[in-house]
There are 2 protein chains.
Amino acid sequence: MSRPKLQDVAARAGVSVTTVSRVLNDRGYLSADIRRRVAEAVAELGYRPNEIARSLIGQKSRLVGLIVPTVADPFFGELASRIEGELASKGYKMLLCDCLENAEREAEYLEMLQANRVDGIITSTHNRNVEGYDRADAPIVAVDRRLGSDIPIIRSDNRTGGRLATGHLIARGSRSAVFITATDHPGNDRAAAYRETMRDHGLDPRVLAYGYSTPMRQRRALIETWLMDNDADGVFASDDLTALMVLEWARKTGRRVPDTLRIVGYDGSRAALLAMPGLTTVRQPIDALGARAAQALIRRIETPDDDRESRLAAEAPLPVELHQGWTS
Amino acid sequence: MSRPKLQDVAARAGVSVTTVSRVLNDRGYLSADIRRRVAEAVAELGYRPNEIARSLIGQKSRLVGLIVPTVADPFFGELASRIEGELASKGYKMLLCDCLENAEREAEYLEMLQANRVDGIITSTHNRNVEGYDRADAPIVAVDRRLGSDIPIIRSDNRTGGRLATGHLIARGSRSAVFITATDHPGNDRAAAYRETMRDHGLDPRVLAYGYSTPMRQRRALIETWLMDNDADGVFASDDLTALMVLEWARKTGRRVPDTLRIVGYDGSRAALLAMPGLTTVRQPIDALGARAAQALIRRIETPDDDRESRLAAEAPLPVELHQGWTS
DNA sequence: CTGAAAGCGCTTACAG
DNA sequence: CTGAAAGCGCTTACAG
C-alpha cells in the first residue's frame with residue numbers, strides 16, 4: 001500500500017475521519033477508548049498527516065523563506081544556521097534561497113516563495129533595486145538592509161563597530177589606515193564611522209570599494225594592487241575573509257604584521273575565529289542577529305497587529321565588540 | 001481584496017476556472033482571444049497560482065530536504081549552496097535542516113520532511129544509528145555517508161585523498177605525522193589510506209580522534225594537549241578548520257612551519273582557501289559533489305526505475321587534488 | 001475549443 | 001461524545 005491517509009486510519013480504527021482528525025489535533029472530548037484505537041491504527045499503518053493538505057486548509061504553511069547571498073560565506077552560513085535553528089524551535093521550516101549577488105535571481109526567489117505561500121520572508125542581501133519587495137504580501141524582515149519604511153531591520157551596531165575598529169588601529173599607531181569594503185554607499189555606517197574617526201584624529205580617510213559582483217580573483221587582484229601602489233600602515237576590512245586575504249598578502253610580500261601593517265576584520269564568525277583566532281576583528285553577535293530576525297518575523301506573522309512595537313524593538317542595533325588578536 | 005484565486009481570475013476574464021487553469025498550464029487548444037483575456041486578468045489581479053494546492057493534486061511537491069550538520073561550517077555551507085543552486089535550476093526548492101551533530105534532531109527532521117511530502121532527501125551528516133532512514137519512503141541520496149545498501153553515496157576519493165596528503169607529508173621530510181580526525185571508524189577511508197601510506201614507508205601511524213560531539217573549545221584543548229605531549233613533525237587534519245587551528249597553535253608556541261612542523265588540511269572550501277591560500281590541503285570537488293548529489297536525487301525522483309544504473313554512477317568517487325601551500 | 005463536476009487529503013462548523 | 005458534509009485552491013478526466 002502506498003502512503004496511508006486519514007481514511008485508512010479511520011477504517012482501521014472503525015471510526016469516522018472526523019474523529020481521527022480530532023484525536024490527531026486533540027480537539028474536543030474524545031473517549032479514552034477511541035483515543036487508544038486511533039493511536040493504534042496510526043502506529044500500525046505508520047500514518048503521517050499530510051502537511052500539504054493541512055497548509056491548504058489552515059491558510060498558513062509554517063514555512064519561511066530565507067534569502068541570502070550565499071551560505072558558502074561563513075558569516076551568512078552561520079546566520080542561516082542560527083535563523084533555521086530558531087525557526088525550527090518554533091515549529092517553522094525554512095526554504096533556503098542562495099541568490100549569489102544576483103538581483104534577478106533574488107526577484108525570482110521572491111516570486112517563488114510567495115507562490116509557495118510562505119508565511120514570511122527573511123532577507124539579507126546587498127542587491128539594490130530588487131523588483132517585488134514593495135508588492136510582496138508576506139511579512140518581511142531584513143537583516144542589515146534597508147528595503148522600505150515598513151520593513152523592520154535587524155542589525156548590529158555598525159557605527160560603533162566602525163569606530164571601534166578605526167579607533168583601535170589608530171591607538172596601535174596607525175596613521176594611514178584604509179577601509180576596504182564592497183560598496184561605499186551613503187547607508188554604509190561602517191564607512192561613515194571610519195571616516196569620522198579618522199578625521200577626529202586629523203587623519204585622511206581612504207576607502208577602497210571593490211564592488212559586490214566582482215569575482216573573487218579580481219577582487220583579490222584589485223586589493224593587492226591598491227596596497228602595492230598606496231602606502232597604508234593599517235587595514236580595516238569590512239569582512240574577515242578580506243582581512244585574511246590582506247594578511248596572506250602581507251606574509252607573501254614580507255610586510256611585518258602588526259609592526260608595519262595592522263589588520264582588523266569584521267564579522268567574527270565562529271569559523272573565521274576558529275581558523276584564525278589571531279585576527280583582530282569586530283564581532284557581530286551573529287547568534288543574536290539570527291534569533292532576533294526569526295523572532296521578529298514570527299511576531300509579525302502571528303500577531304500582525306502589534307507591528308509598530310516589534311518594529312521599534314527590531315530597529316535597536318545589537319552591540320558589537322572588538323576581538324583583539326595579534327594582527328594589530 | 002486578499003490573495004486572488006483561480007475563481008477571481010476566471011470571473012474577471014469571463015471564462016471558467018478550467019479554462020484559466022489550462023491557459024496557465026498551457027494544456028490543450030485555446031483560442032488566442034481567450035489566452036489574451038486570461039493573461040490580462042492574471043496581470044491585473046497580480047494572480048499567482050497557489051503551489052500548495054498544486055502539490056496536493058500532483059502528489060509531488062518539487063521540494064527537497066537537505067540535512068547537514070550545519071551550514072556554519074564552510075564545507076557544508078558551500079556544499080549546501082551548490083546543491084541548492086542545482087536544485088533551483090531544475091525547478092526544485094530546498095528545505096534546510098541543520099541538525100548540529102544531534103542524532104535526535106536528525107530523526108525529527110526526517111519525520112518532518114516526510115510529513116511535508118518532500119520529493120526526496122539529501123543527507124550529509126555523521127550521526128550514527130539515526131532512526132528512520134530505513135523506513136523512509138522518499139528517495140534518499142547520501143553525501144559521503146553509508147546509510148544502507150539501497151541508498152546511493154556521492155563522495156570524492158577519500159582513499160586517494162588520504163594517500164596524497166600522507167605521501168606529501170613524507171615527501172616533505174615528515175617521519176612522525178599524525179592524522180587528526182573526528183572519529184576513527186572502519187569506514188574512514190582517509191584514516192585507512194593514512195595508515196597504509198605510513199606503513200608503506202616503514203613509519204608508525206598515529207591517529208588522534210576527538211569525537212564529533214566534542215564542543216569546539218574542548219576539541220581545541222584536546223588537540224593542543226596531544227601535540228604538546230607527543231612529538232609530531234607533521235599533521236594531516238581531516239578538515240581545514242582543524243588544520244588552521246594547528247597552524248595557529250604552531251605560531252603561538254613558536255613551531256616553525258613548515259620546517260619543523262608540516263601541516264596538511266582537507267576539504268579546500270573556497271572560504272578556507274580565500275582566507276588562507278597558503279594552507280596545503282586536499283581539495284574536494286565540492287561543486288561536483290553538490291551537483292551530482294542533486295542530479296542523482298532528481299533522477300531517483302523522476303525516473304524511479306533506472307535506479308541501478310544511477311546508483312552505480314553515484315558510487316564512482318569524484319577525483320580530489322592536492323593544493324600545495326606554504327604550510328608543508 | 002470550453003465548462004461542470006469530481007477529487008487531492010485534510011479540518012471545521014453544524015447536527016445529532 | 002461522534003459523524004456527514006462542505007470546503008481549502010487547484011487539476012483533470014469526461015462531456016458537449
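Lettering of chains follows the sequences in order, A, B, ..., and the numbering in each one begins at 1. In this text, all values refer to a predicted model and were calculated from it rather than measured experimentally.
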ask   = Would you say a side-chain N or O of A:S16 is under 4.0 Å from OP1 or OP2 of D:dG3?
value = yes
ask   = So what's C:dG3 paired with, Watson-Crick or G-U wobble, going by both distances under 3.5 Å?
value = D:dC14
ask   = When the distance from CZ of B:R22 to P of C:dT2 is rounded to whole Å, what number comes out?
value = 8 Å
key: Heavy-atom side-chain proximity of A:L6 to A:L24 below 4.5 angstrom   = yes
note = When rounded to whole Å, the CG to P distance for the pair A:L45 and C:dC10 reads 12 Å
key: Atom-pair distance (CG on B:L24; P on D:dC10), nearest Å   = 9 Å
ask   = So, is A:N50 near the phosphate of C:dC8, with a side-chain N or O under 4.0 Å from OP1 or OP2?
value = no
inquiry  = Less than 4.0 angstrom between a side-chain N/O of A:S21 and OP1 or OP2 of C:dT11, yes or no?
reply    = yes
request  = Verify the contact: side-chain N or O of B:R54 to OP1 or OP2 of D:dG9, cut-off strictly under 4.0 Å; return yes or no.
outcome  = no
key: Note, A:I52 side chain near B:S61 side chain (heavy atom, < 4.5 Å)   = yes
request  = Nearest whole angstrom, please: distance from the P of D:dT11 to the CG of B:L6.
outcome  = 6 Å
task = Answer whether the closest heavy-atom distance between the side chains of A:R155 and A:Q284 falls below 4.5 Å.
result = no
key: B:K5 NZ to D:dG7 C1', straight-line distance once rounded to whole Å   = 9 Å
query = A:R22 side chain to A:V17 main-chain N or O, any donor-acceptor pair under 3.5 Å?
reply = no
inquiry  = Just the rounded figure in Å: distance from P of C:dG9 to CZ of B:R117.
reply    = 9 Å
ask   = Stepwise, does the side-chain contact (heavy atoms from CB on, under 4.5 Å) test hold for A:E51 with B:R117?
value = CA-CA 7 Å; A:E51 293 293 340; B:R117 298 302 188 262; over 6 Å; no
message = Pick the closest DNA chain D nucleotide for B:R48 and for A:S31 by heavy atoms, then say which residue is nearer the 5' end.
response = A:S31
request  = Taking only the side-chain heavy atoms of B:I57 (C-beta and beyond), determine which of C:dA4, C:dT2, D:dG9 contains the nearest atom.
outcome  = D:dG9
inquiry  = If you compare every side-chain N and O of B:T19 against the phosphate oxygens of C:dG3 (OP1, OP2), does one of them come in below 4.0 Å?
reply    = yes
request  = Write down the distance between CD1 (A:I52) and P (C:dC8), rounded to a whole number of angstrom.
outcome  = 15 Å
request  = Verify the contact: side-chain N or O of B:R27 to OP1 or OP2 of D:dT12, cut-off strictly under 4.0 Å; return yes or no.
outcome  = yes
request  = Rounded to the nearest angstrom, tell me the gap between atom CZ in A:R3 and atom P in C:dC8.
outcome  = 16 Å
message = Between B:Y47 and D:dC10, is there a contact of a side-chain N or O with OP1 or OP2 at under 4.0 Å?
response = yes
